[in-house]
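Just so you know, these numbers come straight off a predicted model, no measurement behind them. Letters A, B, ... are given to chains in the order of the sequence lines, protein chains preceding strands, and every chain is numbered from 1.
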Amino acid sequence: MLKMSTLLLRTLRDDPADAEVASHRLLVRAGYVRRIAAGVYSWLPLGYLTFRNIERVVREEMDAAGFQEVHFPALLPREPYEKTNRWDEYGSDLFRLQDRRGNDYLLGPTHEEMFTLMVKGEYSSYKDLPLSIYQIQTKFRDETRPRSGIIRGREFVMKDSYSFDIDDAGLLASYNKHRDAYIKTFDRLGLKYNIVSAVSGAMGGSGSEEFLAPCETGEDTYVLCNKCGYAANVEAMVTKAQAYSGSAPAAIEEFDSPNTPTIDSLVELLNGKFGPGHKASDTLKNVLLMADEKPISVLVPGDREVDLKRLQANLPGVQELRLFEDADFAKFPALVKGYVGPQDALKIGVALYADPRIVPGSHWITGANKKDTHARFVTNGRDFQVEKYLEAAEVRAGDLCPKCETPVVIDRAIEIGHIFQLGRKYAQALDLTVLDQNGKSQVVTMGSYGIGVSRAVAAIAEQTHDEIGLNWPREIAPADIHIVATGKEAEVFRAALTLAEDLEEKGLRVMFDDRPDASAGVKFKDAELIGIPFIVIVGKALSEGKVEFRVRRTGEKSEIELLKAVTEITSRVLNS
RNA sequence: CGGGGCGUAGCGUAGUGGCUAGCGCGCCUGCUUUGGGAGCAGGAGACCGGAGGUUCGAAUCCUCUCGCCCCGACCA
């Protein structure tokens, strides 16, 4: 039984000055966590109980799926990370340190290497596969900007699993098993979430999905189709382009367009010159970029920006992508800043990519590669040749769902899980092979799967809190029931204690506010702030042989006969 | 890493060169109070983030530095 008279807990009346998002504010105010450094937090008793409840749910679901729990150190030697090149690739996000002999170590940001090596050390036959193993571990990433309390910390707890299979079919099966286990886990945690297709990105591999918990303060943006349920990370959103249906355009025609370096100024000129009705979306924007120091031109409709993140996700193999700078323009005098068109891309030696909206046969108003000159009727396929169509333009609310063509909405969310068909990258680098049926050596194929355990505390808080405090689902809450004794009479405290003990005997986890000096108001406020799902008040009504029962979530209040209280409360709580 | 903001007691804050740094919450003692963050009285708690400088005098002005928060870039 948690007794508030002795619990290490001090609730705060005011919001902490350094907390902005609700979960952070309330977790601090309700005495669950305290900040130690940027992105580094301590758990007080209530917080740690909550954290462990989440951890327990995750562990139970992983075990139920047949995955085996192992545990690695957080302190790791450099060598394995050297072999996969991540010692360098991870950059300054990696916490590095040296031992007294000057040897390099790191604090694990994720553990693909170690898991791969563990399997390599034990297994060498296809008969040993498939295998899925996991750990619940503290991870360290020296984020440039930790934020939102425990949503993005530099030290955090993650459940990470890895699957090992002999072939792609096996990987897919392991992947789906994890997917199912994740669904069960997040359902049990009481989280609302969407499963969203993501881009595999630098990790390689064929498929990846994110579990996103919608929430205003989330830092991930994704698109959602409310009609068919299609959901995708913004980077993975596929454009639904309408084929060109107009008549064959007239011949290309150049015209003077002084002082029109921007799309807006160009549209204004067009409306003056060729009559009203021209829109930014009739123009073609040529965005010049350096992809690993090779020039590329990306075509998007004039009313859209290039989304660099999205473009990079769709340019596999490109490490560094940046916009043209003046120095780059200097190297390509044929590219006239503000008047670039795709007509001469080939001649100039710039790779020409286009957003799918630049459909074949469509014609555009764009730069003429001459100062103060634009051209119209510039036609895709006739006047320029697109090398490759790429998802490049920003995604907007109202864009069409690629599945059912309904306008999509854009929403924000916290990433609470990510499942990943990794493939053979790590097995290859660390030489994890097994013999197949034919005695032939095969590189193992892997999946990796993560759940942010500490982040889930914040995600649940974000989704469940209200204006007066936290509001946990029962399984996650630090206790099932919060008993408040009001007043000063010994009789009240005695009855409340007896009730608390009886409920505990029935298997309920009980928090008892037995503080002798706190006023009733203080106790009510604290109970609401702390967010245990049921509150029982022993006080005023005791003289009539009654206690009050409150449901935190709904605010619903009822009176219960003291004599029936134990059975009544037990059944209400357990059936909630 | 770019931009913005902020560091004064456990928490929230006032204090634009002049006495012993003020207030609220919380904490301690006593009395009263006790169903919606009680009242009165008394008390403890701060080298004003740190270093250097300007000045007769610095929380306050200057320089450097450290830390924290927010937006963006970044982030299997």
Separation of atom [atom1] in [X] from atom [atom2] in [N], rounded to whole Å:
X: A:D517; N: B:rU32; atom1: CG; atom2: P; answer: 13 Å
X: A:L529; N: B:rC11; atom1: CG; atom2: C1'; answer: 14 Å
X: A:R515; N: B:rG36; atom1: CZ; atom2: C1'; answer: 13 Å
X: A:L12; N: B:rG24; atom1: CG; atom2: C1'; answer: 14 Å
X: A:D526; N: B:rC25; atom1: CG; atom2: P; answer: 16 Å
X: A:R322; N: B:rG2; atom1: CZ; atom2: P; answer: 18 Å
X: A:K557; N: B:rG36; atom1: NZ; atom2: P; answer: 10 Å

Would the number of heavy atoms belonging to other residues, nucleotides or ligands and lying under 6.0 Å from [atom1] of [X] be above 12?
X: A:E69; atom1: CD; answer: yes
X: A:E489; atom1: CD; answer: no
X: A:E216; atom1: CD; answer: no

> In a check of ring pair (Phe, Tyr, Trp, His ring centres under 6.0 Å) between A:F115 and each of A:F67, A:F72, A:F164, which one passes?
Replying inline: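 Of the listed options, the one satisfying the test is A:F72.
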
With [atom1] as the reference atom in both, quote the distance from [N] to [M] in angstrom, rounded to an integer.
N: B:rG35; M: B:rG30; atom1: C1'; answer: 26 Å
N: B:rG17; M: B:rC75; atom1: C1'; answer: 47 Å
N: B:rU55; M: B:rG45; atom1: C1'; answer: 32 Å
N: B:rC23; M: B:rG43; atom1: P; answer: 12 Å
N: B:rG26; M: B:rA38; atom1: P; answer: 7 Å
N: B:rG7; M: B:rU13; atom1: C1'; answer: 13 Å
N: B:rU60; M: B:rC1; atom1: P; answer: 28 Å
N: B:rG3; M: B:rA44; atom1: P; answer: 47 Å

Dump every N/O contact between nucleotides 3-8 of chain B and the protein below 3.5 Å, one line per pair.
none

> If a stem is a run of at least 3 consecutive Watson-Crick or G-U pairs, both distances under 3.5 Å, which stems include RNA chain B?
Replying inline: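 Listed by first number, the stems are B:1-7 with B:66-72, B:10-13 with B:22-25, B:27-32 with B:38-43, B:49-53 with B:61-65.
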
>> What's the closest nucleotide to the side chain of A:S519 if the choices are B:rG35, B:rA38, B:rG37?
In response: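 Closest nucleotide to the A:S519 side chain: B:rA38.
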
>> Let's see if you can work this out: which of B:rA76, B:rG35, B:rG24 has an atom nearest to the side-chain heavy atoms of A:K540?
In response: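 Of the candidates, B:rG35 comes closest.
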
> Salt bridge or not for A:R86 and A:D93, using N-O below 4.0 Å?
Replying inline: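 Looking at A:R86 and A:D93, the cut-off is not met.
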
> When the ring planes of A:F140 and A:F95 are compared, do they come out parallel, tilted or perpendicular, using 30° and 60° as the limits?
Replying inline: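 Answer is perpendicular, since the angle exceeds 60°.
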
> Is it true that the side chains of A:Y182 and A:K159 contain a donor and an acceptor less than 3.5 Å apart?
Replying inline: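 Yes - a donor-acceptor pair under 3.5 Å links their side chains.
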
> Distance only, no hydrogens: is a donor on one side chain within 3.5 Å (strictly under) of an acceptor on the other, for A:S208 and A:H418?
Replying inline: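 The answer is yes; a qualifying pair exists.
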
Under a 3.5 Å distance rule, please check whether [X] uses its side chain to pair with a backbone N or O of [Y] as donor and acceptor.
X: A:Y48; Y: A:S42; result: no
X: A:S454; Y: A:V157; result: yes
X: A:N194; Y: A:V196; result: no

> Hey, what do you get for CG (A:L422) to OG1 (A:T445), rounding to the nearest 0.5 Å?
Replying inline: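 OG1 of A:T445 is found 8.0 Å from CG of A:L422.
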
>> If you go through the side-chain atoms of A:R29, does one of them form a donor-acceptor pair with the base of B:rG37 closer than 3.5 Å?
In response: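 Pair found.
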
> What about A:E528, does its side chain sit under 3.5 Å from the base of B:rG37 through a donor-acceptor pair?
Replying inline: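 It does not, because no donor-acceptor pair links the side chain of A:E528 to the base of B:rG37 below 3.5 Å.
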
> Which letters describe nucleotides 65-74 of chain B, given B = protein heavy atom under 4.0 Å from base, S = only from sugar-phosphate, - = neither?
Replying inline: ---SSBBBBB

> Regarding A:R550 and the six-membered ring of A:F524, is the cationic atom NZ or CZ under 6.0 Å from the ring centre and inside 45° of its axis?
Replying inline: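 Because its charged atom sits under 6.0 Å from the ring centre and within 45° of the axis, A:R550 does stack over A:F524.
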
